[in-house]
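What follows is a set of notes on a single structure, which appears directly below.
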There are 2 protein chains.
Amino acid sequence: MPKKRTLPYVLLGLINDKEQLSGYQMVQEFKHEISDFWTASHSQIYPELQRMVDDDWIQIVTPASQPEANRNQTYYALTEAGHTVLLDWLREPLTAKDSDLFPLKLFFIKTKDSELLRPLLTQQLAISQDRVVYLKGRKTTVFQTPSDIDSHYGHYLTLSRGIERETNYVLWLQKLLEAL
Amino acid sequence: MPKKRTLPYVLLGLINDKEQLSGYQMVQEFKHEISDFWTASHSQIYPELQRMVDDDWIQIVTPASQPEANRNQTYYALTEAGHTVLLDWLREPLTAKDSDLFPLKLFFIKTKDSELLRPLLTQQLAISQDRVVYLKGRKTTVFQTPSDIDSHYGHYLTLSRGIERETNYVLWLQKLLEAL
DNA sequence: TCGGCCATGTAAAGTGTTACATGATTTC
DNA sequence: GAAATCATGTAACACTTTACATGGCCGA
């Protein structure tokens, strides 16, 4: 589903991870690593990169360190401003409405001792815990008798699975936070 | 190939579940039960309903059985054609590309002995199993040394969590299929 | 009777996908 | 040297959200 501009931040995160990156390489990243959390086609990425250059979030660089680099590819690196924008975005608290940003932001955290990690996990934990409570409430109100289950079996399954999934999520987050 | 519309099928499924339903009631459903799998605002739903009436998938009905029904609401029921369209959609096999349709389709299956249930679960199981294999492959290729984990900790976490989540999914599906 | 919610409808703008296009490089 | 792939770019279209708009009903 369409959300508020997320693509530029994803691109910032990708470039930040590799120091410099070409548009084509970003397309490949979307095909492999990122595809779980976000999708973008090359027809989105290339214009977006141009806009980001215009906004001075990134700049075109010639990769001196790698003579292997394909000359046909245009490489980009973060500007000072780009670093700031990325950090601000990562620091922005998660809300229940767009908690699907969690795996995305988590993906961009490089080290275990990043000061961004704990707040992110804590925020998602709160959201997931609320969700478990909400789903359990729905289950008890919607399915009060066995016949309610029999006549809406698929609904019952999706709700039950949702509770199970979200509960596992909570447990995983708690375990991670303890280990920090 | 233009992206396939899903909204009309969701509406068909909702109406089918309740025999007859008003646009407003559908909006409410989207706010509560469906929100996990699909979202739609009223500005999408109302025009879509009109299109579906034009296509003769649904028809406007006056709910005789419920005098309680609000006179301001327009109620819809499935036509013969609508039933067929819904069934055809539910029977359409899941693909890895749009496996997010699984919870949605499952939601619309009413009874445990529906002949649609087993194929649906089987298809999703195959997709999830493939996914586990793929994710595990990524993990071993991307993270070969402990230092790979340390320098891309967030990536490592999302990948690990993805494997865990999908594995749980597989187990749930297998348990369900056995119990059938 | 007035402010608020109900119930529906429409318009505009943002976001994303598919299709179309092109030069450059690799491969057979 | 023809075919396939690389790498980028643009155009058209599909989908969704936000905002705008309206008449009816209901409680204070």
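Order of the sequence lines sets the chain letters (A, B, ...), proteins ahead of strands, with each chain counted from 1.
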Pairing residues for A:Thr111 by the side chain to side chain donor-acceptor pair (under 3.5 Å) criterion, not counting sequence neighbours: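 A:Asp113.
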Distance check needed: [N] [atom2] versus [X] [atom1], whole Å only.
| X | N | atom1 | atom2 | value |
| --- | --- | --- | --- | --- |
| A:Asp98 | C:dT15 | CG | P | 14 Å |
| B:Leu21 | C:dA7 | CG | P | 12 Å |
| A:Phe30 | C:dT17 | CZ | C1' | 14 Å |
| B:Leu11 | D:dC15 | CG | P | 14 Å |
| A:Tyr24 | C:dA24 | OH | P | 18 Å |
| B:Asn72 | D:dC26 | CG | C1' | 12 Å |
| B:Met26 | C:dC6 | CE | P | 18 Å |
| B:Ile45 | C:dT10 | CD1 | C1' | 15 Å |

Which nucleotide in the set D:dC15, C:dT8, C:dT17 lies at the smallest distance from any side-chain heavy atom of B:Gln73?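 Shortest atom-to-atom distance from the side chain points to C:dT8.
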Of the listed nucleotides (C:dT8, D:dG24, C:dG16), which one gets closest to any side-chain atom of A:Trp38?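 Per side-chain heavy atoms of A:Trp38, the pick is C:dG16.
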For C:dG16, does either OP1 or OP2 sit under 4.0 Å from a side-chain N or O belonging to A:Arg5?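 Checking C:dG16 against A:Arg5, a side-chain N or O does come within under 4.0 Å of OP1 or OP2.
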Answer yes or no: does a side-chain N or O of B:Ser22 lie under 4.0 Å from OP1 or OP2 of C:dC6?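 So the side chain of B:Ser22 is outside the cut-off, no N or O lying under 4.0 Å from OP1 or OP2 of C:dC6.
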Sequence neighbours left out, cut at 3.5 Å: what donor-acceptor pairs do the side chains of residues 166-180 of chain B make with other protein atoms?
unit_1	atom_1	unit_2	atom_2	d
B:Glu166	OE2	B:Ser128	OG	3.0
B:Thr167	OG1	B:Ile163	O	2.6
B:Asn168	ND2	B:Glu164	O	3.4

Going by distance alone, is a donor N or O of one side chain under 3.5 Å from an acceptor N or O of the other, for A:Tyr24 and A:Gln28?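 Yes - a donor-acceptor pair under 3.5 Å links their side chains.
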Test item: side-chain donor near acceptor, B:Ser147 and B:Asp150, under 3.5 Å: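 There is no such pair (donor and acceptor under 3.5 Å, judged by atom type) between the side chains of B:Ser147 and B:Asp150.
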Distance from A:Trp57 atom CH2 to A:Thr84 atom OG1, nearest 0.5 Å?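 Taking CH2 in A:Trp57 and OG1 in A:Thr84, the distance rounds to 11.0 Å.
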Answer yes or no: is there an ion pair linking A:Glu29 with A:Lys18, defined by an N-O contact shorter than 4.0 Å?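 Judged by the 4.0 Å cut-off on N to carboxylate O distance, A:Glu29 and A:Lys18 do form a salt bridge.
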Taking A:Thr79 for the side chain and A:Asp56 for the main chain, is one N or O donor matched with an acceptor at less than 3.5 Å?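 Checking the backbone N and O of A:Asp56 against the side chain of A:Thr79, a donor-acceptor pair under 3.5 Å is found.
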Could you list, one pair per line, each protein nitrogen or oxygen that sits under 3.5 Å from a nitrogen or oxygen of nucleotides 9-12 of chain D, together with the distance?
unit_1	atom_1	unit_2	atom_2	d
D:dG9	O6	A:His42	NE2	2.8

